[in-house]
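Comments concern the structure below.
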Amino acid sequence: MRGELAIHHLGVRVGLGQNPFGRDVANLALFRAFARHGGFERLHLLTPFRIDPAAAHEALSAGEALATEVEYGSLLDQGRMARAGVLFRGKADLPELAWARRSAGRDLDYSLVGLIHTLAPPLTRQEIALASVAPVEPWDAIICTSPAVQGAMQTMFAEWTDYLGQKFGGPERPAPMLPMIPLGVDLAEMTALADRPQVRAAARARLGLSEDDVLVLWVGRLSFFEKAAPQPMFRAVEEAGRKVGRPLHFALAGWFPNPEHRPLFEEAAKGYAPTTPVHWIDGNDRVLLGEMWAAADIFLSLVDNIQETFGLAPVEAMAAGLPIVASDWDGYRFTLQHGRQAFLASSLIPAPGRPSAGMLRRHQLRIDSYQAYAGHVAYYTAINVREAADGLAALAASPDMRRRLGQGGRQRVREVFDWPQVMRRYRELFDELAAIRQQAASASRAPKLNPVSGDPFRDFAGFATKVLSPETRFALREGVSPGDEVALALTVRLDGFADAWRAPPDALRRLVEGLAETPWRALGDIVSEVPPSERAGVTYGLVWLCKMGVLDWL
């Protein structure tokens, strides 16, 4: 066991609801891996909400005893971040976290590590690019989950920082560290889920399959906007069935983000796979999904969408011992090796030009939604149906080939994607970042606010007649009774708004009573009589009392 890790978590709970996004599934699995395989003495889960510790612990442990202690705290707790040495965020946008660290004067106290789940949304790319102009340091990193993502980010930062150099001058081209660390799976858990002969037999019988029938499986969201157009998959399964002389079965285990799209998928299935038995499985039902990993013979995923960057489902399929037919696309090209665990069907996109730039521009101008933009790009991304059908047919005709590629998949997971392997790479990265921090003794620790959005009372100081200072003096307004004013504040509900920032009513009552005895006291004198931790509340309380007409100021 070694060290601590702080995790930045924005969710209202730890766990998955209905119709989860791949990002949420991947982050939960990663947080579990930190707790179960990371080798940390303590995890600090920092959130903006009050989280039920028992429910969160159950989600992280998945019923297993954890050797790692898990504590829960606030996203504002810089002390926990400094003790941990690393603040990990399951998103790629680090600028605001970097400015918060800078404003607290803790640049050297901990590293920021983000994770890229998608590059497709223009806003996401802008957020990542801002790392070049925010106080993101050499000891910070944005993790890329595949070589395709890493290459895209290196190109983006090179072109973006060249532009900054041309516009503002200067030789430096600042960019964050972009290490490549894949997502992972629990090999033992997936193996136990898939290797259940009785469950396999029962699930296949329920679907009307004999032992000789071949079942092809898809797992994931059923969205032609953000995942994959189903027509090439239906056609490939249909053609593969004709090649081997008998229909293959095709099970789609997933969920429709838009339920109105289900009839469109069903219509496409009838049109492109008229002789293929198609089974619709509720992917939100974890029991049913587990049974499908046991029942299936081949995994199919012809993803064609720029929303995809890694693709966790094929890695799960490898861990389940399934041979795979997939598109030669983004992260799949890294996770899957053609001929060893999978058959990869080639992909084709148009050259850049006016139409594709127009697709992006329509989204940026809010004419089209992000989903429409991604869907338009996907519909002009082709996956080779012939190659996919040939791969399915070869696997359907040869149980030995299915067994060999399935074993190859498990071996690849064991070597690269099993959580202990992935966690080793995370620990190596965290150690490297710590070493860079230790060598950066010259880095400034002086608190500095973000000049664009650092503090509203600084940014809008020119709006007011006067800015509060230690010399500002306060007095009770003539005719005001301290006791009556406090009683009024406790009965008027509107007075309770924003009360977390000011001293509690009893403290305010004492302030008012003190000013009744000694008028026109300076702020510096007043706050000198209270502990440092209470001074901000007293200061804001004084201004609030002025707002309510209880006090006057000079």
Side-chain angles (χ1 to χ4, degrees), residues 5-36 38 43 45-49 51-52 55-62 70 72 75 87-94 97 113-121 123-124 127-128 142-146 149 181-186 189-190 218-223 225-228 253-259 282-290 301 303 305-317 319 330-331 335 370-371 374 417 419 422 426:
L5 175 66
I7 297 175
H8 182 288
H9 179 55
L10 286 175
V12 297
R13 63 178 180 177
V14 181
L16 301 176
Q18 294 290 301
N19 301 336
F21 284 95
R23 174 196 63 210
D24 300 323
V25 174
N27 276 341
L28 177 60
L30 183 56
F31 295 172
R32 282 177 173 169
F34 283 138
R36 298 163 68 180
L43 293 182
L45 198 67
L46 307 182
T47 76
F49 309 103
I51 284 184
D52 179 1
H57 186 85
E58 175 61 26
L60 290 174
S61 66
V70 182
Y72 304 91
L75 289 178
L87 176 62
F88 176 84
R89 185 178 194 181
K91 291 182 64 180
D93 51 324
L94 298 184
L97 298 182
V113 178
L115 176 67
I116 294 175
H117 286 291
T118 182
L119 296 177
L123 181 59
T124 296
E127 290 172 342
I128 297 172
I142 299 176
I143 293 174
C144 305
T145 54
S146 71
V149 174
I181 302 178
L183 299 175
V185 296
D186 190 317
E189 185 177 284
M190 285 300 300
W218 153 278
V219 173
R221 276 181 295 158
L222 297 168
S223 170
F225 278 151
E226 296 179 284
K227 205 66 174 179
W255 50 92
F256 291 94
N258 185 341
D282 182 5
N284 283 312
D285 188 323
R286 308 307 293 180
V287 174
L288 280 180
L289 181 58
S301 181
V303 161
N305 205 287
I306 57 175
Q307 170 73 16
E308 188 70 80
T309 52
F310 178 77
L312 189 58
V315 180
E316 293 176 326
D330 62 69
T335 57
Y370 166 69
Q371 287 76 14
F417 303 109
W419 276 125
V422 176
Y426 268 95

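This one's a predicted model, so the numbers in the text were calculated from it and none came from an experiment.
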**Message:** In the structure I gave you, are the side-chain heavy atoms of T47 and Y72 within less than 4.5 Å of one another anywhere?
**Reply:** no

**Prompt:** With A29, which residues qualify under side chain to side chain contact (heavy atoms under 4.5 Å, CB included), at least two apart?
**Reply:** W419

**Asked** Can you tell me how far the CG atom of L28 sits from the CG atom of L60, to the nearest 0.5 Å?
**Response** 7.0 Å

**Prompt:** Which one of L87, L94, V113, L45 satisfies the side-chain contact (heavy atoms from CB on, under 4.5 Å) criterion with H8?
**Reply:** L87

**Item:** Derivation of the side-chain contact (heavy atoms from CB on, under 4.5 Å) call for L123 and E127
**Value:** CA-CA 6 Å; L123 181 59; E127 290 172 342; 4.0 Å; yes

**Message:** Do L115 and I142 have side chains that approach each other closer than 4.5 Å (heavy atoms only, starting at C-beta)?
**Reply:** no

**Request:** Please report the shortest heavy-atom distance between F225 and Q371, naming the atom on each side.
**Result:** CD2-O, 3.5 Å

**Prompt:** What residues form a side chain to side chain contact (heavy atoms under 4.5 Å, CB included) with A35, not counting sequence neighbours?
**Reply:** L43, L66

**Message:** Are the side chains of L289 and N284 in contact, using a 4.5 Å heavy-atom criterion?
**Reply:** no

**Request:** For residues L183 and F417, determine if any side-chain heavy atom of one lies less than 4.5 Å from a side-chain heavy atom of the other.
**Result:** no

**Request:** Write down the atom of N27, the atom of G90, and the distance for their closest heavy-atom approach.
**Result:** ND2-O, 3.1 Å

**Request:** State which residues pass side chain to side chain contact (heavy atoms under 4.5 Å, CB included) with A374; sequence neighbours excluded, sorted by chain then number.
**Result:** N305, Y370

**Item:** L5 side chain near Y426 side chain, heavy-atom distance below 4.5 Å
**Value:** no

**Request:** Could I get the full list of side-chain hydrogen bond (donor to acceptor under 3.5 Å, both in side chains) partners for D330, not counting sequence neighbours?
**Result:** none

**Request:** Could you tell me which residues satisfy ring pair (Phe, Tyr, Trp, His ring centres under 6.0 Å) with F31, sequence neighbours excluded, listed by chain and number?
**Result:** H9

**Asked** Under the side-chain hydrogen bond (donor to acceptor under 3.5 Å, both in side chains) test, which residues partner E316, sequence neighbours left out?
**Response** none

**Item:** Point-to-point distance, once rounded to the nearest 0.5 Å, from CZ of F88 to CD1 of I143
**Value:** 5.5 Å

**Item:** Spatial distance of atom CG (L75) from atom CZ (R89) [nearest 0.5 Å]
**Value:** 8.5 Å

**Asked** How would you list, by chain and number, every residue that makes a salt bridge (charged side-chain N to carboxylate O under 4.0 Å, His left out) with E226, sequence neighbours excluded?
**Response** R221

**Asked** Do I116 and I128 come within less than 4.5 Å of each other through their side chains, counting heavy atoms only?
**Response** yes

**Prompt:** T118 side chain to Q307 main-chain N or O, any donor-acceptor pair under 3.5 Å?
**Reply:** yes

**Any L119 side-chain heavy atom under 4.5 Å of V149 side chain** = yes

**Item:** Contact check, side chains of S301 and W218, non-hydrogen atoms, under 4.5 Å
**Value:** yes

**Request:** Would you please name every residue forming a side-chain hydrogen bond (donor to acceptor under 3.5 Å, both in side chains) with N258, sequence neighbours left out?
**Result:** H261

**Fill in**
CZ (F256) and CG (L222) are apart, to the nearest 0.5 Å, by 4.5 Å

**Asked** Who pairs with R32 by side-chain hydrogen bond (donor to acceptor under 3.5 Å, both in side chains), at least two apart in sequence or on another chain?
**Response** none

**Item:** Test item: T309 side-chain N/O and H117 main-chain N/O as donor-acceptor pair under 3.5 Å
**Value:** yes

